[in-house]
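Working notes for the structure below.
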Amino acid sequence: MIAVTDSGVGGVSVLRELVRLLPGEDFWYFGDTANAPYGTKTREEVLAIVTENVRMMLFCGAEAIVLACNTATGAAAAALRETYPDVPIIGIEPALKPAAMVSPHPRVLSMATPLTLRQEKYAALEARFAETADIVDLPCPGLMELIEAGHLDDALLDAYLDELLAPYRDVPFDACVLGCTHYPHAWRAIARHLSAGCVILDGGEGTARETARRLAAAGLLSGRTAGGTVRFSNSRGDEATDRLARQLLEQE
């Protein structure tokens, strides 16, 4: 069983890529809705929360962990790998690398939670492409919560994005990085507020490929090409949240 976790339903965007790539595997999606959002907490708070969740998932039989959250990855992935060296623990990072390659010296907008943009891991990643791309960081407090509440493409979300992106309305970005796993669920709305031709990228597909590689190396793949299962749970025990997560999994 492969456990996939996030602070809410956002990580379903990663789960979708995992199921597409590994349709024969069994997945357990755990949304930590009781502690959401992660992105406005301190690094220490997120580390403590995620460490406890991973301990619980391993106790319940998970053989691999996918941290389908940029904030959780930056805060906890390295420490968890030290604590559980024999468990594949796969994280995600904002897709700055492919964004920096969309054109010669592109202009890139990086949308993420405030904590993700403050973390050393993100700063190191951004520094790698400082000479090959102009990267504008845009913290998005409140966007995760809107998406978590089901506002994926409506007037409320449009109003939020209109205000958030107003300073960049006339900036011709070449690429936009969705640096929170919630954001891909609202990509259509986000695209309407960006310049024409702006490429929208997220890290879900790359995380799925890395997961497949790590599981193969550890001998943990089932070998099945179909018939895998997906189950959902969340830390509030809220059935409506699980239904939303399944709906998001099934939408394109």
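The model shown is predicted, which means the values in this text are computed figures rather than measured ones. The first residue of the sequence shown is numbered 1, and numbering continues consecutively from there.
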Original post:
So, Asp6 side chain and Val9 main chain: donor-acceptor pair closer than 3.5 Å or not?
Top reply: no
Subject >> Residue pair Ala95 / Val177: nearest heavy atoms and the distance that separates them >> reply: N-CG1, 3.4 Å
**OP:** Let me see the working for Arg224 and Asp26 under side chain to side chain contact (heavy atoms under 4.5 Å, CB included), right down to the final yes or no.
**Re:** CA-CA 10 Å; Arg224 302 191 303 262; Asp26 295 326; 3.4 Å; yes
Original post:
Taking C-beta and beyond as the side chain, do Ile190 and Leu178 meet within less than 4.5 Å on heavy atoms?
Top reply: yes
Original post:
Under 3.5 Å, is there a donor-acceptor pair between the side chain of Glu17 and the main chain of Gly206?
Top reply: no
Subject >> Donor-acceptor under 3.5 Å (Arg16 side chain, Gln251 main chain) >> reply: yes
Subject >> From OG1 (Thr181) to CG (Asp202), nearest 0.5 Å >> reply: 9.0 Å
Original post:
Between Met57 and Ile65, is any pair of side-chain heavy atoms under 4.5 Å apart?
Top reply: yes
**OP:** Give, for atom OG of Ser13 and atom CG of Leu18, the distance between the pair rounded to the nearest 0.5 Å.
**Re:** 10.0 Å
**OP:** Hey, could you give me the OH/CG distance between Tyr183 and Leu146, rounded to the nearest 0.5 Å?
**Re:** 10.0 Å
**OP:** Taking Thr71 for its side chain and Leu115 for its backbone only, find out whether a donor-acceptor pair lies under 3.5 Å.
**Re:** no
Original post:
For Ser110 and Glu126, what are the C-alpha separation, side-chain angles and deciding distance, and is it a side chain to side chain contact (heavy atoms under 4.5 Å, CB included)?
Top reply: CA-CA 10 Å; Ser110 179; Glu126 186 176 55; 5.6 Å; no
**OP:** List the atom of Lys121, the atom of Gly74, and the distance in Å for their closest heavy-atom pair.
**Re:** CD-CA, 3.7 Å
Subject >> Any donor-acceptor N/O pair, Arg81 side chain to Ile89 backbone, under 3.5 Å >> reply: yes
Original post:
In Å and rounded to the nearest 0.5 Å, what is the CZ to SG distance from Arg107 to Cys198?
Top reply: 11.0 Å
Original post:
His193 and Asp158: side-chain donor and acceptor closer than 3.5 Å?
Top reply: yes
Subject >> Test log, rule side chain to side chain contact (heavy atoms under 4.5 Å, CB included), inputs Thr113 and Tyr38 >> reply: CA-CA 9 Å; Thr113 67; Tyr38 288 172; over 6 Å; no
**OP:** Side-chain contact test, heavy atoms from C-beta onward, threshold under 4.5 Å: evaluate it for Leu67 versus Leu80 and give yes or no.
**Re:** yes
**OP:** Could you go through the side chain to side chain contact (heavy atoms under 4.5 Å, CB included) check for Val230 and Val19 one step at a time?
**Re:** CA-CA 8 Å; Val230 180; Val19 172; 3.9 Å; yes
Original post:
Just how far is it from atom CD1 of Ile92 to atom OG1 of Thr207, taken to the nearest 0.5 Å?
Top reply: 3.5 Å
Subject >> Check: Asp162 main-chain N/O paired with Arg169 side-chain donor or acceptor under 3.5 Å >> reply: yes
Subject >> Taking every non-hydrogen atom, the tightest pair across Pro139 and Leu117 >> reply: N-CD1, 3.3 Å
**OP:** Give a yes or no on whether the backbone of Ala48 and the side-chain of Thr51 come within a donor-acceptor separation of less than 3.5 Å.
**Re:** no
Original post:
When you look at CE of Met101, are more than 12 heavy atoms from neighbouring residues, nucleotides or ligands closer to it than 6.0 Å?
Top reply: no
**OP:** Verify, without hydrogens or angle tests, whether Glu93 (side chain) and Tyr122 (backbone) share a donor-acceptor contact under 3.5 angstrom.
**Re:** no
Subject >> N/O donor-acceptor pair under 3.5 Å between Thr42 side chain and Glu45 backbone >> reply: yes
Subject >> Leu194 and Ile200, any side-chain heavy atoms less than 4.5 Å apart >> reply: yes
Subject >> N/O donor-acceptor pair under 3.5 Å between Ser235 side chain and Ala34 backbone >> reply: yes
Subject >> Distance (rounded to the nearest 0.5 Å) between Arg231 CZ and Phe30 CZ >> reply: 10.5 Å
**OP:** Kindly give the heavy-atom pair with the smallest separation between Met111 and Leu164, and that separation in Å.
**Re:** CE-CD2, 4.1 Å
